[in-house]
Participant: 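Next up is a structure, given as structure tokens.
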Amino acid sequence: MQERYDPAAIEQAAQSDWEAQQAHVADESAPGEKFYCLSMFPYPSGRLHMGHVRNYTIGDVLSRFMRMQGRNVLQPMGWDAFGLPAENAAMANGVPPARWTRDNIAYMKGQLKSLGLSIDWSRELATCDPEYYRWNQWLFLRMLEKGIAYRRTGVVNWDPVDQTVLANEQVIDGRGWRTGALVEKREIPMYYLRITAYADALRDALDTLPGWPERVRAMQANWIGRSEGVDIDFPWADDTVALLGKSGALRVFTTRADTLFGVTYVAVAAEHPLALAAAAGNAALAEFVDECRRGSTMEADLATQEKKGMATGLHVCHPLSGEQVPVYVANYVLMGYGEGAVMAVPAHDERDFEFALKYNLPLRTVIASPSGAYDQVQAPWIDAYGELGTTVNSGQFNGLASAAAVDAIAAALAAKGLGDKRVQFRLRDWGISRQRYWGCPIPIIHCASCGDVPVPDEQLPVRLPEDLVPDGSGNPLARSEAFLACKCPRCGADARRETDTMDTFVDSSWYFLRFACADQARAMVDGRADYWLPVDHYIGGIEHAILHLLYARFWTRVMHELGLVKVAEPFSNLLTQGMVLNHIFHRTPATGRREFFNPTDVDLVVDATTRQSRATLKRDGSEVVYEGLGTMSKSRNNGVDPNIITSQFGADTARLFMMFTAPPEQSLEWSDDGVQGANRFLRRVWKAVFDHVSAGAAPALDAAALEPADRDLRRVAHLTLGKVKDDIGRRRVFNTAVAAVMELLNAIGRHGGSTDAARATRQEALEITVLCLSPIVPHICHALWAELGHVTPLHRERWREVDAAALEQDSIEVVVQVNGKLRGRITAPSGAADDVLRELALADAAVLRFLEGQTPRKVIVVRGKLVNIVI
RNA sequence: GCCGGUGUGGCGAAACUGGUAGACGCAGCAGACUCAAAAUCUGCCAUGGGAAACCAUGUGUCGGUUCGACUCCGACCACCGGCACCA
């Protein structure tokens, strides 16, 4: 055996052994219960980042561990290959997105392979492959047939200078990122998927997913946001009827119908027909409506912007009292939500309250406070105003509890044909149309006489031309005659293709199904999907907790309904891994924009007492600003290239550092010293095996002939074996598993001894060390297992069972507390009864000192652990 | 603004079901080895007091429940993730 640990040689040898033996190719007919382990596939951005390394190491540790438990494991990998960054790269370099994407895939695949991941590469797929995205198109057409997909208008960010639709990411402070022009909202026709029809099912099924983190289930339930309420029609008053030349009603949705008699105005969105009609004859109002149309469509911006409004001069009638109520246009009412109109009850809703105060609208108290917190609502706002209570000032509905009042008022409205109870979801239908080139074409043909015609199945896939280069001025497909020109499938006349492509969330909503049968040419999926699904463990970033996971659940449910797959829920267990962070340093020169410096180029000194930090550039000692920790990102120049770590220390060191430094769900702070520490531990493991093996083959273990020191080591080894299995297999935490093996190695180092019994014990302890570490650092373990004298390669070995006899011990230590404070320790025979522990504790010298002759009021004994004496 | 999370030594963390707070590692300090350095090995390492034994304090802040609270409850503060066209 070589004395020096040489990761480069070891890792290459291990990887070619695995490859030669096809060790990781998954086979549906192999024995063992299936285990489908999936990590979220990467966007091929160019290079792997540390978040990927963390994600895929977690998946690989689980995969390798489960193989050792006898499971038939599938761990696939692919590429989420469509998306905006490819278009941005094209604009910067003039390279077609297709070529940029495929080059990136080739490079990143090499990086993934060098990490030693036990992936079945025979199932690799990229979502930009026509043989993949044809099935997006195929299922979209099935959804059209079922009415799950439909077309209506939606609001987008519009750059008036570039004449193009902008992604939210391309809107910076309300302006286009390239032109700096003020962004406008614009309504355009788009395709939607009716996910709201599945809102209840998606919400209810969360209860059937105990393997999901509670926080993710809570976020999804809140996102879907079921609320019960009442649709209420406010008939138009005479002025409105006169303006529009017909009668009608303004419909609102409210969860607080009990406050209906407190309505003092109604508010509509700027795009609401009533607002537009009123603005036609009112220049000031038209200007305000225009103002509302400027700015971003993002909810976070809308929710934090100043609440503004303006009277339309129009009125509607209160549906029960008949009183006239003014109609306002307000920037906080959104056309996309509910009816685009709300009834306002300033006395019992905080937002209406602020608005009413600003525009001098009256308050009308209609709920009596159950806690007596107020009599009459008046400024300033207190939370009690918004609570449920008993109705007052509400005519015949006085004196009802809020819930009863909602029922009574809803019934009265229904009797007049002016209202109905209804369930409303916060969730909105999924708009999938993108006015972008690098995506899956929506398979629709626009015909002058037949309208929007679906592309027939036999003409699929609608291929995306791969030679176009976007330039920032809109979708190049719209200017490509070769793509646009086609015949109407219905009448045969000349027609135009739809140029919108699909949201990339569509691509990632079913790739996990395709991995089960990636070579299937005739169908979207086949019976192998029923074998592998559901995914037994899905691993990915917490940032995907809502959108991706909800869309994937929805899409799978639709495929289930169409009879394509047996499962309705795709992921039984979910691990949401935390982010990888690093320090951020920048400097803002007098001219120009902020410059970021990579942490490797900066010295950071933190004063322990003042907590002041000072950061200087290594090259010239000049000072830079320390911003603290943040996610590794290109824009902040604080990324660490995985290649540098693997080439310097090896993949095993990178993997060990990732797994040891933080629990998987928490954010992980990058540390060069931590990487050194991980490498040091691997060298220690290597040396421990080297020292042991150099002394010759160890004799067989005779458990009955061990000295106390041997029995101690054997106990630690078997405790470690149990702990590591529990940590990885049940708790899914890896940092404590590694810590346990480190303790075992420390114990081996202390053990010494050169008797036959000692050497046999050490052989077993080292074998357990290697077995426990092998899912985490597979290359070094592959080599060490052979050095320890095994012929069967490590990846074919099973996990070892704990020997219960090795764990037995004669006596245990029990701590003694007086009034909950630690005062002493006693040694007792293991299995000692409660009163034995009690007597021993009361006789302990340290305890007697604190008792000071007093009689204990109470003694609490926790078996095998602790005695607490209360005086 | 709304939804979800996190907060423990100089630093990353551990304490799983309410039962010894700080396992394991990083950094640091001291020693051994070395001509020397690196590497390696050994010891120390929450804070205050004390020569020590030991005592007191200590898990973001304030309050509560309990024989006993990092863990449960209430209020608050700070930071992080998501908010529907980044993926």
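Naming: A, B, ... by sequence-line order, numbering from 1 per chain.
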Participant: Do any pairs count as a ring-ring contact (aromatic ring centres under 6.0 Å, His included) and have a residue in residues 671-690 of chain A, sequence neighbours left out, and if so which ones?
Facilitator: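 Sorted pair list: A/Y5-A/W686.
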Participant: For atom CG of A/D173, decide whether the heavy atoms of other residues, nucleotides or ligands shown that lie under 6.0 angstrom number more than 12.
Facilitator: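 No, the 6.0 Å shell around CG holds no more than 12 heavy atoms from other groups.
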Participant: Quick one: the dot-bracket string of RNA chain B, using Watson-Crick and G-U wobble pairs with both distances under 3.5 Å, [ ] for crossing pairs and | for bases paired to another strand.
Facilitator: (((((((..(((......[....))).(((((.......))))).((((....))))..(((((..]....))))))))))))....
Participant: Need to verify one output field. Residue with the more 5' nearest nucleotide on RNA chain B, A/F505 or A/S667?
Facilitator: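 Result: A/S667.
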Participant: Looking for any heavy atom pair under 4.0 Å, which part of the strands does A/L427 touch: base, sugar-phosphate only, or nothing?
Facilitator: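 Since a base atom lies under 4.0 Å of A/L427, the category is base.
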Participant: Taking atom P in both B/C70 and B/A51, compute the distance separating them and give it to the nearest angstrom.
Facilitator: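 Their P atoms lie roughly 31 Å apart.
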Participant: Between A/F41 and A/L668, which is nearer to the 5' end of RNA chain B once each is assigned its nearest nucleotide?
Facilitator: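 First, find each residue's nearest nucleotide; the 5'-ward one identifies A/L668.
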Participant: Would you check, one step at a time, whether the test ring-ring contact (aromatic ring centres under 6.0 Å, His included) holds for A/W510 with A/Y132?
Facilitator: CA-CA 10 Å; A/W510 69 283; A/Y132 182 80; 4.5 Å; yes
Participant: Closer than 4.0 Å, any side-chain N/O of A/R823 to the OP1 or OP2 of B/C55?
Facilitator: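 True: A/R823 side-chain N/O within range (under 4.0 Å) of B/C55 OP1/OP2.
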Participant: Determine the contact category for A/V171: base if any of its heavy atoms lies under 4.0 Å from a base atom, sugar-phosphate if only primed atoms, P, OP1 or OP2 are that close, otherwise nothing.
Facilitator: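 Contact class for A/V171: none.
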Participant: Would you indicate which nucleotide in B/A13, B/C86, B/G4 comes nearest to any side-chain atom of A/A167?
Facilitator: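 The answer is B/C86, which lies nearest to the side chain.
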Participant: With ring centroids as reference points, do A/F657 and A/F649 lie under 6.0 angstrom apart?
Facilitator: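 When the ring centroids of A/F657 and A/F649 are compared, they turn out to be at least 6.0 Å apart.
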Participant: A/H583 NE2 to B/C80 P: how many Å, rounded?
Facilitator: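 Taking atom P of B/C80 as the reference, NE2 of A/H583 is at 15 Å.
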Participant: Considering only side-chain heavy atoms of A/V870, which listed nucleotide, B/C67, B/A84, B/A56, is closest?
Facilitator: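 The closest nucleotide is B/C67.
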Participant: Got more than 12 heavy atoms from elsewhere within 6.0 Å of NZ, A/K865?
Facilitator: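 Atom NZ in A/K865 is not packed in, count stays at 12 or less.
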Participant: For A/K307, I'd like to know if atom NZ has over 12 heavy atoms of other residues, nucleotides or ligands within 6.0 Å.
Facilitator: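 Atom NZ in A/K307 is packed in, count exceeds 12.
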Participant: Have a look at A/F850 and say if it touches a base, only the backbone sugar-phosphate, or nothing, with a 4.0 Å heavy-atom cut-off.
Facilitator: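 Sugar-phosphate only.
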Participant: Could you please name the option among B/A87, B/A14, B/G82 that lies closest to any side-chain atom of A/P663?
Facilitator: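 Closest nucleotide to the A/P663 side chain: B/A14.
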Participant: Rounding to the closest angstrom, what is the interatomic distance between B/U47 and B/G9 at atom P?
Facilitator: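 The answer is 12 Å between these two P atoms.
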Participant: Does A/A300 reach a base, just sugar-phosphate, or nothing at all? Heavy atoms under 4.0 Å.
Facilitator: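 Base contact - A/A300 has a heavy atom under 4.0 Å of at least one base atom.
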Participant: Would you indicate what A/M190 reaches in the nucleic acid, counting non-hydrogen atoms under 4.0 angstrom: base, sugar-phosphate, or nothing?
Facilitator: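 The answer is base, as A/M190 lies within the cut-off (heavy atoms under 4.0 Å) of a base atom.
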Participant: What's the closest nucleotide to the side chain of A/E299 if the choices are B/G82, B/A39, B/A84?
Facilitator: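 Within the option list, the nearest is B/A84.
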Participant: Could you check whether A/V859 gets within reach of a base, just the sugar-phosphate, or nothing at all, counting any heavy atom under 4.0 Å?
Facilitator: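 Here A/V859 touches no strand at all.
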Participant: For A/E3 and B/U40, give me the distance from atom CD to atom P, rounded to whole Å.
Facilitator: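 About 13 Å, once rounded to whole Å.
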Participant: Regarding A/R857 and A/N819, is there a side-chain donor-to-acceptor distance under 3.5 Å anywhere?
Facilitator: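 Absent: no donor and acceptor within the cut-off.
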Participant: Reckon A/H548 touches a base, only the sugar-phosphate, or nothing at all at heavy-atom distances under 4.0 Å?
Facilitator: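 Since no nucleic acid heavy atom lies under 4.0 Å of A/H548, the category is nothing.
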Participant: So if I define the base as every atom that isn't primed, P, OP1 or OP2, how would nucleotides 15-30 of chain B read as a B/S/- string at a heavy-atom cutoff under 4.0 Å?
Facilitator: SB--BB--BBSSS---
Participant: Among B/C67, B/G4, B/A87, which is the nearest nucleotide to the side chain of A/D80?
Facilitator: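 Closest of the options to the side chain of A/D80: B/A87.
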Participant: Please work out whether B/G9 sits syn or anti, treating a glycosidic angle within 90° of 0 as syn.
Facilitator: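 Because its glycosidic torsion lies within 90° of 0, B/G9 adopts the syn conformation.
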